[in-house]
Amino acid sequence: MMESLPRREREVFETLCRMEAGTAAGVRASLSDPLSDSAVRTMLSRLEAKGLVERSSGQGGFLFSPVQRTEAVAASALRRMIDTFFAGSAASAATALLGLGQRLTPEEAAALEQVIDQAVEKTS
């Protein structure tokens with residue numbers, strides 16, 4: 001479903017996912033390239049009509065939140081990034097991420113080893 005959204009709707013939706021919940025004004029303020037207030041409200045209404053966003057009454061007006069689990073949205077966005085920038089290779093993407101120079105904690109290294117072992121087992 002995410003892949004079929006127009007670019008700006010997807011940006012509004014992904015911004016809302018990062019926020020976990022927010023008002024139209026909050027979403028607008030968090031956009032890297034802000035839209036008008038009415039455009040953000042229109043896009044949130046469209047996303048609500050598509051079943052991706054739910055609206056509830058809050059203290060400062062309507063509060064919007066994503067209906068889809070954040071993990072599903074993240075997986076979809078990550079898949080698009082891998083397809084776009086790494087020719088579909090998860091290994092190339094992982095290598096690039098690890099090459100950014102951040103130190104891994106022992107727990108992170110163990111988790112990565114476990115995921116790699118599981119991926120190798122799937123291909124055997």
Side-chain angles (χ1 to χ4, degrees):
M1 177 66 140
M2 284 281 301
E3 294 77 21
S4 64
L5 292 177
R7 182 183 68 84
R8 292 300 269 178
E9 277 185 32
R10 186 171 55 238
E11 182 182 0
V12 167
F13 182 67
E14 289 173 352
T15 298
L16 184 62
C17 287
R18 278 192 302 278
M19 297 172 65
E20 296 183 7
T23 62
V27 171
R28 181 176 184 260
S30 296
L31 291 170
S32 59
D33 183 20
L35 297 164
S36 70
D37 190 49
S38 63
V40 171
R41 280 187 266 124
T42 297
M43 288 189 196
L44 287 167
S45 293
R46 287 181 189 164
L47 292 167
E48 183 181 14
K50 293 176 182 180
L52 295 171
V53 167
E54 60 187 6
R55 175 179 21 174
S56 59
S57 294
Q59 196 172 16
F62 289 118
L63 189 65
F64 295 89
S65 57
V67 172
Q68 263 187 313
R69 292 190 348 256
T70 304
E71 299 84 23
V73 174
S76 175
L78 187 56
R79 171 55 46 206
R80 274 195 323 278
M81 183 194 70
I82 290 169
D83 288 345
T84 301
F85 297 106
F86 300 98
S89 171
S92 293
T95 302
L97 286 171
L98 292 172
L100 292 176
Q102 291 183 330
R103 287 187 61 146
L104 296 177
T105 65
E107 294 81 14
E108 290 172 324
L112 283 172
E113 287 175 9
Q114 184 179 7
V115 171
I116 290 169
D117 290 344
Q118 289 171 352
V120 169
E121 287 176 12
K122 285 181 185 178
T123 60
S124 300

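Placement of Leu44 and Leu63 in two distinct hydrophobic clusters is found when ILVMFWY residues are connected by side-chain heavy-atom separations under 4.5 Å, directly or transitively. In the hydrophobic clustering of this structure, Phe85 groups with Leu78; members are Ile, Leu, Val, Met, Phe, Trp, Tyr whose side-chain heavy atoms approach within less than 4.5 Å, directly or through other members.
Under the salt bridge (Lys or Arg N to Asp or Glu O under 4.0 Å) criterion, Arg41 pairs with Asp37, not counting sequence neighbours.
Using a distance-only test at 3.5 Å, with no hydrogens or angles considered, a donor-acceptor pair links the side chain of Glu108 to the main chain of Thr105.
Atom OG1 of residue Thr15 and atom CZ of residue Arg10 lie 11.5 Å apart, to the nearest 0.5 angstrom. Ser38 OG to Met43 CE: the interatomic distance, rounded to the nearest 0.5 Å, is 9.5 Å. The CG atom of Leu112 lies 11.0 Å from the CG atom of Asp117; values are rounded to the nearest 0.5 Å.
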**Message:** Go through it in stages, so that I can follow the logic: the residues are Leu5 and Leu47, the test is side-chain contact (heavy atoms from CB on, under 4.5 Å), and I'd like the CA-CA distance, side-chain angles, deciding distance and then a yes or no.
**Reply:** CA-CA 9 Å; Leu5 292 177; Leu47 292 167; 4.0 Å; yes
message = side-chain contact (heavy atoms from CB on, under 4.5 Å) for Leu16 and Leu52? Distances and angles first, verdict last.
response = CA-CA 11 Å; Leu16 184 62; Leu52 295 171; over 6 Å; no
Show your reasoning for whether side-chain contact (heavy atoms from CB on, under 4.5 Å) applies to Ser56 and Phe62. CA-CA 6 Å; Ser56 59; Phe62 289 118; over 6 Å; no
Enumerate, atom names and distances included, each donor-acceptor pair closer than 3.5 Å involving a side-chain atom of residues 22-32, sequence neighbours excluded.
residue, atom, partner, partner atom, Å
Thr23, OG1, Gly26, N, 3.0
Arg28, NE, Leu35, O, 2.5
Ser30, OG, Gly26, O, 3.0
Ser32, OG, Glu11, OE2, 3.3

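The minimum heavy-atom distance linking Ala96 with Phe86 is given by the pair CB-CE2, 3.6 Å. The two residues Glu20 and Ser65 make their nearest non-hydrogen contact at O-CB, 3.5 Å.
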